[in-house]
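Here is the structure we will look at, set down as C-alpha cells.
So that the names make sense, note that chain A is the first sequence line, chain B the second, and so on, each numbered from 1.
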There are 2 protein chains.
Amino acid sequence: MRIELSERLKAAGYKLTAPRRAIIKVLESHPEHLSHSQILEAGKHFYPRLSRATVYRTMELLTGLNLVRPLYLSDATQRFVLVEGGHHHLVCTRCGTIIELDECAEGELVNRLAERYGFTIHSHLLELQGQCADCRCETEK
Amino acid sequence: MRIELSERLKAAGYKLTAPRRAIIKVLESHPEHLSHSQILEAGKHFYPRLSRATVYRTMELLTGLNLVRPLYLSDATQRFVLVEGGHHHLVCTRCGTIIELDECAEGELVNRLAERYGFTIHSHLLELQGQCADCRCETEK
DNA sequence: GTACGTGCAAAGGTTTTGCATGGCG
DNA sequence: CGCCATGCAAAACCTTTGCACGTAC
C-alpha cells in the first residue's frame, strides 16, 4: 500500500500546501522512526520557513487520518512511522539498536481478532524488546 | 512471570524505599496503562509525600531494568505497562477504547526471530490500531 | 474571494536537574 | 555511618494556542 500521502490528504479534503509537502517528502524518504525535531530539521531542507508548530499540527493530522502512527523506542521521545499495514521491529534495550523486520507473520491473527471484537484494523505494531548479541556478551562478561 | 518488582529492584542493588514501594504497589494493583501523573496521584495514596520527580526517576529506573515498558496509545501521553513476557491490545483510534488481549500467539515467531538475529527477547508488544464497531458505524452514517 | 493553513511568539505543560536533607542497609 | 535516594523549586525542554497574514482551491 504505497499510496501517496499527498493523495490521501487531498482526498480527505485538506489543502496541499508547501509546508505539508515538505513534511511528506521527509516522511517518504526516511524509513526510520522520526521525531518532531528530526522532521522539522529535515523539512527545512525542502522548505526553509517551516515552523515547529506546523510540524506538530501536520503530524497530528496525519495521525488522525491513520497515515502515520506514534511510537516509543528506548528513549522517551515520541516518534512516527508510516502506517503501511504493519510495522515490526526488534529494539535493543541496552544500546538502542533497532532492526526492522519486513515480514508480517500476524496476518491470520489480525483477521481473527478483528472478527471477534468487531474491529476494523488499520495498522499494527509488533515490537520485540530485548538485548542484541553484542550487548548480551557485554552483560555476561 | 509474576516475580515481585521489589525483589528485582533489590537484586539489582537498589534500595527499597518507601516512595519506591508506593510506586510498585500502584503498578502491581493497576493492570491498566498508567501515565506519570496517574502513578503520582495513586502513589500519594500509599505515601503522601511522594514527589513527581521521584515518579520520573523510578519509572526510568524500572524501564532500564526492563520491568516496565513505555508505550503510546491514542493520545500523546507516555504510559507504562508491566513487562510480563508480552502485552497485546486493540486500540480504537477514534474513541480511544482499549481492549486487552490475553492470548499470546507470537511465541513461535518470537523464537524464530530471536534465533535469527541473536537477540534475547525480554518482552514484546503487539498493538493493533483501528476502529471499534461503534465508531465504524458512526463514520459510515 | 474565502476559508483553511501558516509563522511567530507567548502560554501552558511536562521532564530534568541541583542541592540540602533524610533514611536504608 | 556512608551513600544512595528524596523532596523541593527552578530550569530546561516540549507542545499547544491566538492571532494577523498568506495562499490553495
Keeping the roles fixed (side chain from B/Arg52, backbone from B/Leu40), state whether a donor-acceptor pair exists under 3.5 Å. no

- Message: Any side-chain to backbone donor/acceptor pair from B/Gln38 onto B/Ser35? Under 3.5 Å, distance only.
- Response: yes

### Query
At under 4.0 Å, does any side-chain N or O of A/Thr17 touch on OP1 or OP2 of C/dC4?
no

Can you see if the side chain of B/Arg20 gets near the phosphate of C/dC24 - specifically, an N or O under 4.0 Å from OP1 or OP2?
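So the side-chain polar atoms of B/Arg20 never come under 4.0 Å of the phosphate oxygens OP1 or OP2 of C/dC24.
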
- Query: Reckon B/Arg52 touches a base, only the sugar-phosphate, or nothing at all at heavy-atom distances under 4.0 Å?
  - Reply: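 Since a base atom lies under 4.0 Å of B/Arg52, the category is base.
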
Would you kindly give the [atom1]-to-[atom2] distance between [X] and [N], to the nearest whole Å?
X	N	atom1	atom2	result
B/Leu9	C/dG25	CG	P	11 Å
A/Glu60	C/dC4	CD	C1'	16 Å
A/Leu61	C/dG5	CG	P	8 Å
B/Lys15	C/dC24	NZ	P	9 Å

request  = Specify the residue among B/Arg21 and B/Ala53 whose closest nucleotide of DNA chain C lies further upstream toward the 5′ end.
outcome  =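 Going by which nucleotide is closer to the 5' end, it is B/Ala53.
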
*asked:* On DNA chain C, compare the nucleotides closest to B/Arg49 and A/Thr54; which residue's is nearer the 5' end?
replied: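 Nearest nucleotide further toward 5': that of A/Thr54.
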
Using a cut-off of 6.0 Å, state whether more than 12 heavy atoms not belonging to A/Tyr14 lie near its atom OH.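 Check fails, neighbour count at 12 or below.
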
Can you figure out which of [options] approaches the side chain of [X] most closely?
X	options	value
B/Leu50	C/dG5, D/dG7, C/dG7	D/dG7
B/Tyr14	D/dG7, C/dG5, D/dA5	D/dA5
A/Pro19	D/dA5, C/dT6, C/dA3	C/dT6

Heavy-atom donor-acceptor pair, B/Arg57 side-chain to D/dG7 base, under 3.5 Å: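 For B/Arg57, whose side chain was compared with the base of D/dG7, there is a donor-acceptor pair (under 3.5 Å).
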
Query raised in the report: Is there side-chain contact between B/Leu5 and B/Leu9, with at least one heavy-atom pair below 4.5 Å?
Result: no

